Amino acid sequence: MVRSIRPDIIIDNRPERSGEGAGSIRTLNPTSYAGDFASQKQMIPPEGIRDEAGNPIPWEACITLNNNWGYAAHDHHYKSAKIRWWKSI
């Protein structure tokens with residue numbers, strides 16, 4: 001429905017995978033709910049993300065600044081700025 005209104009919209013793969021696994025975006029026959037890019041949580045894949053044939057898949061990294069996704073007044077376990085969290089692919 002959304003694509004019929006906005007054909008150029010970008011959709012991530014969460015509607016299909018419900019926060020777990022990669023869904024069909026990594027297969028050679030992704031479903032209509034597969035989305036346009038993969039969403040990684042708390043990590044940056046060193047070699048990127050690829051489908052079953054080895055083709056690169058666009059992806060995003062969802063990374064917290066500390067150990068919580070929302071406000072946590074006592075969580076001071078911030079990730080170091082010295083750690084390289086990205087890698088060119």
Side-chain angles (χ1 to χ4, degrees):
M1 188 258 323
V2 173
R3 289 199 195 269
S4 69
I5 297 168
R6 295 291 306 266
D8 58 339
I9 195 164
I10 298 172
I11 301 173
D12 74 6
N13 67 330
R14 288 187 194 120
E16 181 183 65
R17 68 181 186 93
S18 302
E20 300 297 327
S24 67
I25 195 168
R26 290 187 178 180
T27 69
L28 298 180
N29 297 305
T31 70
S32 59
Y33 296 100
D36 300 306
F37 64 94
S39 182
Q40 292 297 119
K41 289 186 179 177
Q42 299 292 56
M43 67 162 290
I44 295 180
E47 303 302 321
I49 299 176
R50 299 187 177 276
D51 66 14
E52 294 171 335
N55 301 309
I57 298 172
W59 58 276
E60 72 166 344
C62 298
I63 299 175
T64 60
L65 297 177
N66 51 23
N67 292 329
N68 289 278
W69 289 101
Y71 177 73
H74 301 290
D75 184 356
H76 300 288
H77 299 114
Y78 296 106
K79 293 176 174 65
S80 170
K82 294 178 182 179
I83 296 173
R84 185 174 176 203
W85 291 94
W86 64 93
K87 180 178 179 181
S88 299
I89 58 172

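Note that the coordinates shown come from a computational prediction; the quantities given were computed from them, not determined experimentally.
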Do the side chains of K79 and T64 get nearer than 4.5 Å, heavy atoms only? yes

Separation between NE2 of H74 and NE2 of H76, rounded to the nearest 0.5 Å: 7.0 Å

For a quick test of reading the model, state the closest non-hydrogen atom pair linking R50 to E47 and the distance between them. NE-O, 4.0 Å

If we count only N and O atoms by modelled type, under 3.5 Å, do the side chains of T27 and E52 hold a donor and an acceptor together? no

For L28, does the CG atom sit with more than 12 other heavy atoms under 6.0 Å from it, leaving out its own atoms? yes

Between E60 and R14, does any side-chain N to carboxylate O distance fall below 4.0 Å? yes

Considering only Ile, Leu, Val, Met, Phe, Trp and Tyr, and joining two whenever side-chain heavy atoms are under 4.5 Å apart, list the other residues clustered with I9. M1, V2, I5, I11

Which atom names give the shortest non-hydrogen contact between D51 and I25, and what distance separates them? CB-O, 4.4 Å

Do you know which two heavy atoms are closest between P58 and D36, and how far apart they sit? CG-O, 3.8 Å

Crowded around R6 CZ? As in, over 12 foreign heavy atoms under 6.0 Å? no

Flag if over 12 foreign heavy atoms under 6.0 Å of CG, N29: no

Can you check whether S24's main-chain N or O pairs, donor with acceptor, with E16's side chain at less than 3.5 Å? yes

Under 3.5 Å, side chain of N66 to main-chain N/O of D75, donor-acceptor pair present? yes

Measuring from atom CH2 of W59 to atom CZ of R26, what distance do you get when rounded to the nearest 0.5 angstrom? 11.0 Å

A38 to I49 - nearest heavy-atom pair and separation: CB-CD1, 3.8 Å

Rounded to the nearest 0.5 Å, what's the gap from CD1 on I63 to CD on Q42? Could you check? 6.5 Å

